[in-house]
Amino acid sequence: MKKLERKSMNSSQIRKKYLEFFEKKNHTIVPSSSLIPFDDPSLLFTSAGMVQFKKFWATETPIPYTRATSCQKCLRAGGKDSDLEKIGLSGRHHTFFEMLGNFSFGDYFKEEAINWAWEFVTCEMKIDPQKLWVSYYSEDHETINIWKKILPENRIIPLGKKDNFWGPAGDTGPCGPCTEIYIDSGIDSSCSNPDCKPGCDCNRFLEFWNLVFPQYNQQADGTLLPLKRRGVDTGMGLERIARIMQGAGSNYETDLFIPLIRKLEEISGLKYTEKTMKEFRIIVDHIRATVFLIGDGVYPDNEGRGYVLRRIIRRAFFQGTKIEINQPFLLRLVSPVVSIFHDVYPNLEKTKEEIESVILEEEKKFIDLLASAKKIFSTDIEKLKNNIIPGEMLFRWYDTYGIPRDLIAELAEEKGFEPDWQEFEKHLKQQQQQARQKSIFEQRREPIFEMSPLNETIFTGYSNTEEQSNIIALYHLPDRKMWEIVLDKSPFYPEKGGQVGDRGIISGKNWSFEVIDSQIDPRGIIYHIGRFISGTFQDVEESEKVVARVSMEHRLDVCANHTATHIIHYCLRKISDNRAKQAGSYVGPERLRFDFIYPLPVNQDIVSLIESEVNRIILENHPVKVEEMTYQKAIEKGAIALFTEKYGEKVRVISIGDFHSELCGGTHVRRTSEIGILKILSFSSIGENLKRIEAVTRQHAYHWFKQKIEILQQATAQLKTTPENLLFSINKMKKQIQELENKINTLMEKASMDIPSTLKKNKKEISVKNKNVSVVTGRFDGLSFEQLGKIADGAASEITNAIILLTSVVNGRAIVLCKITPDVSKIIQASHVVKHITKILGGSGGGKAEFAQGSGKEIEKIDEVISNAHNIIKEISEQLN
RNA sequence: GGGGGAUUAGCUCAGUUGGGAGAGCACCAGGCUGGCAGUCUGGGUGUCAAGGGUUCGAAUCCCUUAUCCUCCA
């Protein structure tokens with residue numbers, strides 16, 4: 001066997017060889033960034049190695065290195081590039097995977113990139129060059145000329161824009177041609193097409209390395225301008241190269257997956273065979289994604305990233321039910337995943353227990369959902385007249401209740417029903433279109449002018465709140481009726497890390513502009529959003545000199561709340577023995593919100609303990625220090641980091657006194673006493689183990705106290721007492737009320753003894769449709785509907801064949817209530833009587849056969865109506881005939 | 001970001017064209033039993049998520065907000 005000439009290599013060795021190879025070529029080894037893109041809300045997850053370097057190509061601001069190499073953890077499971085549906089069907093796609101890459105930012109280009117890639121594959125990996133094919137973008141002549149020097153032309157395949165032209169990531173930005181390297185796994189795995197070659201969807205040619213050459217900058221109008229800092233961006237899936245190096249049939253039969261498959265065999269009692277392959281693959285793929293997502297701080301949720309995680313966990317669990325596992329089991333796969341990766345990603349070991357408990361909770365919830373799904377299915381299906389389930393019903397199950405399609409299909413088959421999937425797809429498509437259209441509409445932004453290229457805004461707001469700068473772009477936001485200004489230098493802090501964007505004023509020669517929000521984009525450009533308060537957009541000149549001034553009041557409030565947030569975090573950790581963990585925060589000018597994971601029950605005592613601790617620290621007037629240092633150094637010094645990793649730049653560390661420090665990009669007060677005072681307004685549980693504290697500081701706290709004290713003063717004034725005696729007075733009053741109520745009840749009971757005699761006095765016998773009926777009337781002013789109803793009930797239990805008609809005057813209106821005993825109600829209905837009577841009284845009403853009510857405004861007619869009731873009722877019954 | 005659904009007693013949930021707020025469990029009181037387990041009798045403990053509107057009358061219909069579930073992006 002010739003295959004054995006190449007030595008099998010495990011995945012750790014491949015990672016190491018790759019990074020070392022490029023390090024020798026003067027690349028800086030950059031650690032993998034988090035799966036959650038740092039400062040990039042446009043992207044759901046890190047989906048490629050280049051994500052953390054994106055802005056290095058787009059801008060011309062200084063960068064720490066021009067060559068980099070990394071092994072990046074990636075997730076493609078939601079948003080723009082999702083592979084979720086492909087998992088299990090192919091042996092080469094994953095939701096979570098690792099991508100090896102080398103990058104050039106305005107340094108080397110196609111020639112070196114291609115030659116080094118070839119050298120690595122053939123010399124380091126020792127792959128037989130005869131088996132390698134490549135593809136290139138058909139219009140990229142540079143690339144084909146380089147390849148021609150390396151391998152015969154019949155193994156160099158041109159492909160179109162769809163396959164071999166990359167980007168831009170959004171509508172604008174860096175993009176360029178790419179070239180891909182494939183391995184031919186032999187004619188056996190080919191499709192039947194004799195013309196089979198790279199680009200074909202069958203299994204013969206496996207693409208494993210994509211070299212992208214960002215060289216253009218796409219403009220909003222679609223034109224391609226040359227990129228000044230053009231470069232190289234390559235990506236090789238670790239799972240694919242491992243498969244090749246280990247001679248495996250698919251990515252799943254490598255050392256990255258085998259231990260997981262073995263464990264799953266043990267749990268399910270089934271073997272990994274052709275029959276169970278799909279389920280096994282989906283489960284082991286998804287558990288990796290789950291472990292890494294939770295490890296990077298994502299929790300199951302009903303929107304955004306958390307929602308993607310929830311779907312992944314549920315899909316995996318559902319596959320489990322197909323191989324007859326019906327209890328929580330995914331958590332048992334966490335340990336094997338951690339064992340595979342703990343060398344490369346040591347933080348997994350630390351969060352392992354938490355990952356397990358989050359997964360268990362989610363599995364339990366999903367089991368509940370499946371149970372309720374079955375209930376909904378059987379109730380709805382009874383309404384059907386034939387055995388076809390309409391698409392609308394299918395869609396409602398799926399869309400509203402989240403019942404998985406597969407489950408619907410299973411249940412339907414079990415009960416012998418036929419789902420109309422075609423109609424279902426129509427509904428789904430309609431929803432997709434609607435969502436897409438709406439989201440495009442929301443983001444309309446019309447440029448008035450825009451300097452090119454647009455560079456990262458220089459942020460000066462840590463030290464200054466006022467800045468002389470130049471205006472380099474102006475946009476109109478027609479949907480929000482607002483404008484956006486971009487400056488070359490800005491003191492405005494843009495919204496990030498939970499802290500809201502600064503507000504303030506930008507003034508030019510003939511205009512001034514109120515900034516109500518500041519935002520930042522992935523390129524680091526700060527947008528000042530707001531309205532013109534004098535002048536209009538036509539008065540703004542390109543490159544005009546302006547003065548940008550941040551609102552001090554706004555900034556100070558925000559700073560106080562941000563530092564207060566850190567102190568709350570510190571106190572929570574102290575009280576919980578470091579078990580509390582920040583899950584998110586909002587730092588605005590009026591209030592702050594702090595969400596955290598806390599595995600213990602929290603009661604009011606703990607909340608007030610936290611509040612007094614925080615205020616003690618505020619009063620102790622500790623200095624708040626800001627330092628810049630490397631990430632490594634910060635962690636060594638014990639700073640708390642919410643985001644696990646970030647590329648080699650310096651990070652900011654905020655320290656309070658000598659007891660707490662935290663990585664943070666936000667703005668803070670200089671000493672804790674500037675916070676003034678902190679009041680916790682609410683403490684609530686917002687989910688499984690997830691708690692929320694809302695608090696106010698500075699004048700907002702003062703106003704809170706002031707308002708409460710005013711209420712207290714009003715209350716004491718009303719009760720003619722002092723705050724100290726307030727509780728005593730209230731208790732006394734309560735007792736008095738109780739006594740009074742008892743008295744009233746006694747009186748009512750006495751009075752009600754008279755009611756039957758009153759009613760009897762007013763009883764008249766009439767004949768309706770040859771049936772003897774007693775008409776009983778009464779007027780009890782001041783009694784409510786409810787009380788009249790009770791009287792009517794009492795009367796109805798004593799008199800047979802009765803029509804009871806009661807009235808009263810409440811708030812100047814005549815209210816009417818009618819009760820008719822069951823046998824009589826078949827002849828004449830209470831609602832008819834009430835409608836008729838209330839009409840006479842200038843009102844209306846209605847109800848059911850035995851009971852009805854209504855009201856009218858002409859109270860002077862009540863007595864007449866009552867004394868005439870038996871006649872009126874006779875009339876009604878005759879009309880009905 | 002855009003849809004669909006939900007929110008009713010401590011918990012799980014019913015509530016029909018708008019017409020008197022309900023069930024089971026839990027809870028409280030009393031009885032039976034030597035004690036426990038148990039059981040019988042009695043008791044509803046409620047801002048129908050919040051606010052506004054329509055109506056003689058709203059848990060129910062309309063609008064706004066909050067929270068949760070779910071689908072799509």
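Labels below follow one simple rule: chain letters A, B, ... track the order of the sequence lines, proteins then strands, and each chain is numbered from 1. All heavy atoms count here, side chains included; hydrogens, waters and symmetry mates do not.
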S.K.: When both hydrogen-bonding distances must be under 3.5 Å and the geometry is Watson-Crick or G-U wobble, what is C36(B) paired with, if anything?
M.R.: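 Here C36(B) is not engaged in any pair, so there is no nucleotide opposite it.
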S.K.: On the side chain of Gln432(A), is there an atom forming a donor-acceptor pair with the base of C72(B) - under 3.5 Å, no angle test?
M.R.: no
S.K.: Report the distance from atom NZ of Lys429(A) to atom C1' of C71(B), rounded to the nearest whole Å.
M.R.: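 Atom-to-atom, Lys429(A) to C71(B), this comes out as 16 Å.
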S.K.: Rounding to an integer number of angstrom, what distance separates G3(B) and G10(B) when you compare their C1' atoms?
M.R.: 35 Å
S.K.: Gln519(A) CD to G1(B) C1': how many Å, rounded?
M.R.: 14 Å
S.K.: My understanding is that a pair needs two contacts under 3.5 Å, Watson-Crick or G-U wobble. By that rule, which nucleotide pairs with U41(B)?
M.R.: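 Pairing partner, where one exists within any strand: A29(B).
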S.K.: Can you check whether any acceptor in the base of G20(B) is under 3.5 Å from a donor in the side chain of Lys848(A), or vice versa?
M.R.: no
S.K.: Is Tyr401(A) stacked on the base of G5(B), meaning ring centres closer than 5.5 Å and planes within 30 degrees of each other?
M.R.: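 Not stacked: fails the 5.5 Å / 30° test.
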S.K.: Does this structure show an ion pair linking Lys861(A) with Glu864(A), if we count only N-O contacts that are shorter than 4.0 Å?
M.R.: no
S.K.: Hey, is the side chain of Arg396(A) poking within less than 4.0 Å of OP1 or OP2 on U70(B), counting only N and O atoms?
M.R.: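 Arg396(A) to U70(B) OP1/OP2: no side-chain N or O under 4.0 Å.
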S.K.: Grab the CD1-C1' distance between Ile837(A) and G57(B) for me, whole Å please.
M.R.: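 Going from CD1 in Ile837(A) over to C1' in G57(B) covers 18 Å.
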S.K.: Please figure out whether Gly856(A) or Thr400(A) has its closest RNA chain B nucleotide nearer the 5' end.
M.R.: Thr400(A)
S.K.: Roughly how far apart, to the nearest Å, are C71(B) and A37(B) at atom P?
M.R.: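 To the nearest whole Å, 45 Å.
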S.K.: Once you apply the 3.5 Å cut-off to both distances, tell me the Watson-Crick or G-U wobble partner of U47(B), or none.
M.R.: none
S.K.: Going by an N to O cut-off under 4.0 Å, is there a salt bridge joining Arg405(A) and Glu425(A)?
M.R.: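 Judged by the 4.0 Å cut-off on N to carboxylate O distance, Arg405(A) and Glu425(A) do form a salt bridge.
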S.K.: Please check if the number of heavy atoms outside Gln432(A) that lie under 6.0 Å from its CD is greater than 12.
M.R.: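 Result for CD/Gln432(A): enclosed.
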S.K.: Take atom P in G24(B) and the same atom in G42(B), then report the distance between them in whole Å.
M.R.: 12 Å
S.K.: Could you work out the separation of C36(B) and C28(B) based on their P atoms and round it to a whole Å?
M.R.: 15 Å
S.K.: Gly789(A) or Arg813(A): which one's nearest nucleotide on RNA chain B is closer to the 5' end?
M.R.: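 Counting from the 5' end, the first nearest nucleotide belongs to Gly789(A).
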S.K.: So does Lys790(A) have more than 12 non-hydrogen atoms from other groups sitting under 6.0 Å from NZ?
M.R.: no
S.K.: For nucleotides U70(B) and U60(B), find the distance between their P atoms and express it as a whole number of Å.
M.R.: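 Straight-line distance between the two P atoms is 26 Å.
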S.K.: Give one of base, sugar-phosphate or nothing for Phe851(A), where a contact means two heavy atoms less than 4.0 Å apart.
M.R.: base
S.K.: Please measure how far the P atom in A26(B) lies from the corresponding atom in A66(B), and state the result in whole Å.
M.R.: 39 Å
S.K.: For Ser844(A), report the nucleic acid contact type (base, sugar-phosphate, nothing); a contact means any heavy atom under 4.0 Å.
M.R.: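 Contact class for Ser844(A): base.
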S.K.: When you measure from the side-chain N and O atoms of Tyr398(A) to the phosphate of C72(B), is any distance below 4.0 Å, counting only OP1 and OP2?
M.R.: yes
S.K.: Taking the P atom in each of G5(B) and U41(B), what is the distance between them to the nearest angstrom?
M.R.: 44 Å
S.K.: Can you see if the side chain of Tyr307(A) gets near the phosphate of C72(B) - specifically, an N or O under 4.0 Å from OP1 or OP2?
M.R.: yes
S.K.: Return the nearest nucleotide to the side chain of Asp793(A); candidates are C71(B), U70(B), G20(B).
M.R.: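 My answer, after comparing the listed nucleotides, is G20(B).
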S.K.: With sugar-phosphate meaning primed atoms plus P, OP1 and OP2, does Gly402(A) contact a base, only sugar-phosphate, or nothing at under 4.0 Å between heavy atoms?
M.R.: sugar-phosphate
S.K.: For the side chain of Asp301(A), counting heavy atoms from C-beta on, which of G20(B), C71(B), C69(B) is nearest?
M.R.: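 Closest nucleotide among those given: C69(B).
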S.K.: State whether the number of non-hydrogen atoms from other residues, nucleotides or ligands found under 6.0 Å of Gln327(A) atom CD is greater than 12.
M.R.: no
S.K.: With a 4.0 Å cut-off on heavy atoms, is Phe785(A) in touch with a base, just the backbone sugar-phosphate, or nothing at all?
M.R.: nothing
S.K.: State plainly whether the residues Lys819(A) and Glu850(A) are in salt-bridge range, i.e. N to O under 4.0 Å.
M.R.: no
S.K.: Looking at every non-hydrogen atom in both residues, tell me the closest pair between Ile859(A) and Gly812(A) and how far apart they are.
M.R.: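 Closest heavy-atom pair between Ile859(A) and Gly812(A): CG2-O, 3.7 Å.
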S.K.: Any donor-acceptor pair under 3.5 Å joining the side chain of Asp399(A) to the base of G3(B)?
M.R.: yes
S.K.: Who is the Watson-Crick or G-U wobble partner of U16(B), with both distances under 3.5 Å?
M.R.: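 Pairing partner: none.
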S.K.: Checking all strands, does Gly854(A) fall into the base, sugar-phosphate, or nothing category for heavy-atom contacts under 4.0 angstrom?
M.R.: base
S.K.: Any strand counts, and the cut-off is 3.5 Å on both contacts for Watson-Crick or G-U wobble. Which nucleotide pairs with A59(B)?
M.R.: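 Partner of A59(B): none.
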S.K.: Could you work out the separation of G18(B) and C62(B) based on their C1' atoms and round it to a whole Å?
M.R.: 13 Å
